[in-house]
Every structure is written in structure tokens, then in C-alpha cells.
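Please read the structure below before turning to the comments.
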Amino acid sequence: MRSADVARILDEMGTLLELKGENPFRCRAYHNAADAVRGLGDDLPDRIASGKLAEVPGIGETIQRKIIQLVTTGSLPSYEQLRAELPPGLVALLRVPGLGPKKIKALHEALQIESLADLRRAGESGKIAGLKGFGAKTQRKILEGLAFVESTGGRILQSTAWRLVAPIVEAVRSCPGVVRVEVCGSLRRRLETIGDLDVLFAAEDPVPVLDRFVGLPEVAAVLSHGETKASVRLAGGVQCDLRGVRPEQFPFALHYFTGSKAHNIALRKRAIARGLRLNEYGLEGQEGPIPCSSEEELFQALGLHPIPPELREDRGEIERAEAGPIPPLIERKDLTGTFHCHTDWSDGGNTLLEMAEAARARGLSYLGIADHSRSAGYAGGLSIDRVRRQGEEIDALNDQLGPDFRLFKGIECDILADGTLDYPDEVLAGFDYVVASVHSNFGQPIGVMTARIVRAVRHPMVTMLGHPTGRLLLRRDGYAVDLEAVIAEAAEAGTLIEINANPHRLDLDAEHSRRARDRGVRLVINPDAHAVGGLDDLDYGVGVARRAGLGPSDVFNTAPLSRIAAELRPGGAGA
DNA sequence: GCCGTTTTCGGCCCGACTGTTTTCAGTCG
């Protein structure tokens, strides 16, 4: 059983215990342990093997035993028992905004509600309003929340979130008295998908700003509206929270509302251990408040070097920031060029020249063209003859574009079902580089798929592995593949691994990108652009790389054009 | 259930907002 599955089960156990009305600290212990297991990722088997699992903060003797039992036998009696005690539909009720464990327990006991459908029936017949502790307003909110749960999956892509939040930030910024506005929450931490939007502003008097916010045209419903905070549901169902603080409180609030929750709790504990008190309004010492004009000063006041938002998950970043400065993370401006772009030669929307000019306009000094290979009939894959003709056009364009910009001749070559590539070696040798990707036979068993990809990664003509799991966020899980084996092979063969920056993919993910780097693999950030606008997706790939803790030297396409040109040759960039 | 330079018991982050309850519990982040 994989660590992600173990973490999911521990989380579910915590939730089931909450629904039973157990001691909340005991419940939280399971959620904390789930976070700890997630933080371990693929290190979990090693930790178990070395007998050091209980040394991980948040995992004690009891939960260690349960994890080991889960991993070794695949089942856990106490988990099964817990599931048997409670109706299976009860957990789903937690997704309804405004319903927590206590209310769900009350609804279950008083009205035998066991599912979303039961809840709807009870609400529509007015039974909920009559319950002790409930009223007409609560009943109406429950019904509204139900409609939300049923209409959306609950999360949105990071790209959607930025699009939704932009007009709100602008509207708040234009309010009189507002001196700062920042996006906070998981969006600032650049998570792959986003649950809700958090916006923070600073003003001497937040009230008029909040009043204006709840009246914006994007707002479909007002969920709450106080003097420092308002929550609304936007058209489309996404929730947006706006908080206002006084200017001198802004750095504390910015840090607090950026999260993550686990990071905040760890930092507050750290403050307490030093005789301080930290909350979203300030840092309080024995002799009164300790002013900070920035997040950097706040970290400094707690004896830490600054921690970038993307790393704030309480997965070791606090200990690292205590030991010394955290090395600078990669930024968008570090990228000198990129690979894996499509044109109208296959399924892209723009010409070679248009893509080249768009890349240059974005400050890149080279662009790799990787249209689809011949088996990708659905995507206009190139025949061997068309490969040759496209190469001639690229040569001509390079003459035209001048010495300070270069188009590279690449291909996104399908990895066929048996792990062989889609062209003979003599054709592959004609490219400047090869991106090898899986586009078919997604259903292969993990052993077959892993051997297939490993074979391609080992192929001397393959420069980089494209979107290593094939996942589509919120739509499709990746195919079953042992990434650990793929990473090990890539390290051995010197093959690059792509961080596909398309916001639907973000594949390789941050956790495995970190592991790949630690194993000595170089990553490459590619937009998988199918039109000029797709080049802007590079920013999402940079977000993944930052969450992975990568610096510029960990990413291939930060090198200057001259070095890239020298390294790109058949046999692999890392050879 | 976890944890410990106030340690093996007795805490566990903390503030805003809502609704219903007249003093606060529940939810959320």
C-alpha cells in the first residue's frame, strides 16, 4: 500500500472518530499522522524497514503499529470496525459547507440522516428547522450548501483560481483607503488545485471595503459579512473570503492566511516555546508587541531564515530555516527557453514562426518544437516525410531569426505499448532532442507500464520523459507506474524528467520532482503549449518546481543557449 | 493519540462569524 493510501485511511479514521464524537485531540492525532505520512511520501517503506517510523513527529507508537499493519497486510481491523459502526454516507455530509461533525451527529441521531439524499429530503420537508440547536436559517444554509456540493466537485485548477481572483483583487485595490492587497491561502502556496480563494487587504478602516466586496457583480451569494471578514460564493460556486486588517498588522495576517494550517500551528508552537504569542494580528512578547514590517522580519523574530510560501507545509522547512538560509528557489525569469511545444504541423494552433516570436517576446532565447509522432493519428502526428520537411522549415527559420534566438528540432515521440519508440533510430537521430511520452494503453498493469517507461528512459536517443504519469487534474488519475523505478533509471541514464506546466497536468508533481532532484535527476520545465498563449503556462511549472524546493541549477532549461545547444545531442542531454 | 529544558500527566493554535441559546457552541480557516 502506498503512502498516499495510508494517509487517506488515517484521515478517514480521524473523520470517523469525529463523527462518533470522540475526543477532538485524539481525532486530530489521526489527521496529523496522515499529514506526516504524506510528508514522508515514498520514504515510508524505508522508515518502516529501519524501524524508525515513530521518530517522525506526529506518529507515535499506536499509529506506527497501525501504519505497519496497513502497509504489510493491506488491512486494518480497527479501521474496518470504525467503518462498520457508522453509515457509509455520513462522511460525505462533511462536504456540505456549514456542516461539521457535531451537527452531522445530531442530524443522524435525531432524524436518522445517513446520506446527502436523506439530508435533502429532511431539509425540504422542514424537519431540520425544528431540531434543537437548528433553525430556519441553518436549514436554508444546509440546502444551499447541498446545491453547491452537487454542482461542483469542490476544487478548481490553479489557473481557474487566478482567473477568478484577479478582478476581485483589482476591485479591492481600487477601494479608497486600501494600501495593500495580496492573494493568500493555497493559491499563494501554488497548490495544484484550489478549494477556495483567500484575499487579504490592509486599510485603516476595513468596513467600507467589505461592504463594497459583497456587492461586486461576481458575487452570487453572501455567506458571512462582518467587520473584518466577509465570505461570498462567486458565480460558479467557488467560495471567496476577504479579510481586512490594519496596515501594521498586514505582515502577520499575510503569513497567517497564507498557511498552511500545519505550518501555522508549528510556528505558533515555536513562538510559545520562546515565550511569545503569535496570531494573525501580531507577535506579542513579555514586554509587549514586537513589530514586523514584513514576513521576513516575522521569521527573523522567531529565529528563522525566510521561508517562501510554496514550502510552508510543515514538512521540514522550519527546521531547515532554523539551520540556515533556504537556497533561492527557481523563478520564472531563470528560464532561458523551453521544450515540448506544438505547432500547426500537428495539433497546435500556431505556426512555427508565431511560436518562435511569442517565445522571444516572453524573454526566451530558444524554443524546442516537439510535435506529435506518427502513431498519434488523433493529434496529426508527423510522418517521417513530414518530420523531414518540418526540419527544413526550422532550419530556414533559424537563418531568419538571427543568432540570439534558436528553434530546436524536437519531437514528442510516443512510447509504444512495448516501450519501443515511434520512429526508427535513424529518424530519431535527426532531431536535436526527443521527448518520450505515453499516449496510449493507459490501462496496463503497473509492472508492464513501469517496464515500458523504463525502457524508453534508457533509450540513448531519448532526452527527456514527458508528463510521467499522464494524469489530468480533477479529471483523470495517472496511469499506474512505479515512479521510484523510473526516477532511478533516469538518474542512471542521465535522462531529464519533465515538469509539464500545463495547468491540467502539473506532471511530474512537486513531491516526486523533489525526489528526482535528490536522486540526481535534472528536471526540465515544459509548457506543452498548443498555442502561443500556452507559453504562459510555464509559470505553473515554476510553481511546481518551487514547491519541490528546486533552485535554478536543478532545472535544465535555465542554462544559456550556448550550453543548451552543446548539451542537446543524440545520446541524451545528461550524457 | 501525541508529546515533553515547566515531561510520563495534562495539556493540545486561536480568532471571526453565525445562529440560536440569553452566554455560547459549532464551524471555518
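Lettering follows sequence order; numbering is per chain, from 1. Every heavy atom of this structure was used, including side-chain atoms; hydrogens, water molecules and symmetry mates were not. Computed from a predicted model, the values in this text were never measured in an experiment.
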Whole-Å gap separating P (B/dG1) and CG (A/Asp11): 16 Å

message: Using atom P in both nucleotides, what's the gap between B/dC2 and B/dT6 to the nearest angstrom?
response: 23 Å

message: If I pick the C1' atom on B/dG29 and the same atom on B/dC13, what distance separates them, to the nearest angstrom?
response: 12 Å

task: Could you tell me whether A/Glu511 and A/Arg315 make a salt bridge, using a distance below 4.0 angstrom between a side-chain N and a carboxylate O?
output: no

query: Looking at A/Asn279, does any N or O in its side chain come under 4.0 Å of the phosphate oxygens OP1/OP2 on B/dC14?
result: no

message: Starting the side chain at C-beta, find the nucleotide from B/dC17, B/dG1, B/dT20 nearest to A/Thr228.
response: B/dC17

task: Measure from CZ on A/Phe257 to P on B/dG15 and round the result to the nearest Å.
output: 12 Å

Shortest non-hydrogen contact between A/Val238 and A/Gly195, atoms and distance: CG1-O, 4.4 Å

task: Calculate the interatomic distance between A/Leu254 atom CG and B/dG29 atom P; express it in whole Å.
output: 18 Å

message: Using a strict threshold of under 4.0 Å (side-chain N to carboxylate O), is an ion pair present between A/Glu55 and A/Lys52?
response: no

task: Measure the distance from CD on A/Glu280 to C1' on B/dC17 and round it to the nearest whole Å.
output: 13 Å

- request: Pick base, sugar-phosphate or nothing for A/Arg277, based on heavy-atom distances below 4.0 Å to the nucleic acid.
  value: sugar-phosphate

query: What distance do A/Ile128 atom CD1 and A/Ile142 atom CD1 have between them, rounded to the nearest 0.5 Å?
result: 4.5 Å

field: Side-chain N or O of A/Thr138 closer than 4.0 Å to phosphate OP1/OP2 of B/dT18
entry: no

query: Between A/Arg517 and A/Asp554, does a salt bridge (charged side-chain N to carboxylate O under 4.0 Å, His left out) hold up when you go through it step by step?
result: CA-CA 7 Å; A/Arg517 189 271 312 270; A/Asp554 297 317; 3.1 Å; yes

P atoms of B/dT5 and B/dG1, separation to the nearest Å: 23 Å

Rounded distance in Å - CZ (A/Arg155) to P (B/dG29): 11 Å

Set out, line by line, the N/O atom pairs under 3.5 Å between protein and nucleotides 26-28 of chain B.
{"unit_1": "B/dT27", "atom_1": "OP1", "unit_2": "A/Gly100", "atom_2": "N", "d": "2.8"}
{"unit_1": "B/dT27", "atom_1": "OP1", "unit_2": "A/Gly100", "atom_2": "O", "d": "2.9"}
{"unit_1": "B/dT27", "atom_1": "OP1", "unit_2": "A/Lys103", "atom_2": "N", "d": "2.8"}
{"unit_1": "B/dT27", "atom_1": "OP2", "unit_2": "A/Lys102", "atom_2": "N", "d": "3.2"}
{"unit_1": "B/dC28", "atom_1": "OP1", "unit_2": "A/Gly98", "atom_2": "N", "d": "2.7"}

- request: Heavy atoms only: give me the nearest A/Cys240-A/Ile168 pair and the separation to one decimal.
  value: SG-CD1, 4.0 Å

- request: Measure from CG on A/Leu267 to P on B/dC14 and round the result to the nearest Å.
  value: 13 Å

SB check A/Lys261 A/Asp35 (cutoff 4.0 Å): no

- request: Under a 3.5 Å limit for both distances, which nucleotide forms a Watson-Crick or G-U wobble pair with B/dC2, could you say?
  value: B/dG11

- request: Rounded off to whole Å, could you give me the CG-to-C1' distance for the A/Leu242 and B/dC17 pair?
  value: 14 Å

field: Where A/Phe25 and A/Asn23 come nearest, the two heavy atoms and their spacing
entry: N-OD1, 2.8 Å

B/dT7 to B/dC17 separation - C1' atoms, rounded to the nearest Å: 37 Å

message: For the C1' atoms, the ones on B/dT23 and on B/dT18, what distance do you get once it is rounded to whole angstrom?
response: 15 Å

task: Please measure how far the P atom in B/dT20 lies from the corresponding atom in B/dA16, and state the result in whole Å.
output: 22 Å

field: A/Leu17 CG to B/dG1 P, straight-line distance once rounded to whole Å
entry: 8 Å

- request: Please say whether more than 12 non-hydrogen atoms of neighbouring residues, nucleotides or ligands are located less than 6.0 Å from CZ in A/Arg173.
  value: yes

query: Do the charged groups of A/Glu310 and A/Arg546 touch, with an N to O distance under 4.0 Å?
result: yes

field: B/dG4 to B/dG15 separation - P atoms, rounded to the nearest Å
entry: 24 Å

Would you list the protein and nucleotides 2-5 of chain B atom pairs, both N or O, that sit under 3.5 Å from each other?
{"unit_1": "B/dC2", "atom_1": "OP1", "unit_2": "A/Gly60", "atom_2": "N", "d": "2.8"}
{"unit_1": "B/dC2", "atom_1": "OP1", "unit_2": "A/Gly60", "atom_2": "O", "d": "3.4"}
{"unit_1": "B/dC2", "atom_1": "OP1", "unit_2": "A/Ile63", "atom_2": "N", "d": "3.2"}
{"unit_1": "B/dC2", "atom_1": "OP2", "unit_2": "A/Thr62", "atom_2": "OG1", "d": "3.3"}
{"unit_1": "B/dC3", "atom_1": "OP1", "unit_2": "A/Gly58", "atom_2": "N", "d": "2.5"}

Stepwise salt bridge (charged side-chain N to carboxylate O under 4.0 Å, His left out) test for A/Glu18 and A/Arg26: CA-CA 9 Å; A/Glu18 283 166 16; A/Arg26 186 174 168 230; over 6 Å; no

query: Relative to the ring of A/His263, is the ring of A/Phe299 parallel (under 30°), tilted (30 to 60°) or perpendicular (over 60°)?
result: perpendicular

field: Pair A/Asp507, A/Asn500: side-chain N/O donor-acceptor within cut-off below 3.5 Å
entry: no

- prompt: Counting any heavy atom closer than 4.0 Å, what does A/Ala136 reach on the DNA or RNA strands: base, sugar-phosphate only, or nothing?
  reply: sugar-phosphate

message: Applying a 4.0 Å non-hydrogen cut-off, can you work out what A/Lys132 is touching in the nucleic acid: base, sugar-phosphate, or nothing?
response: nothing

statement: Per-nt protein contacts along nucleotides 8-13 of chain B (heavy atom under 4.0 Å; B base, S backbone sugar-phosphate only, - none) come out as ----BB

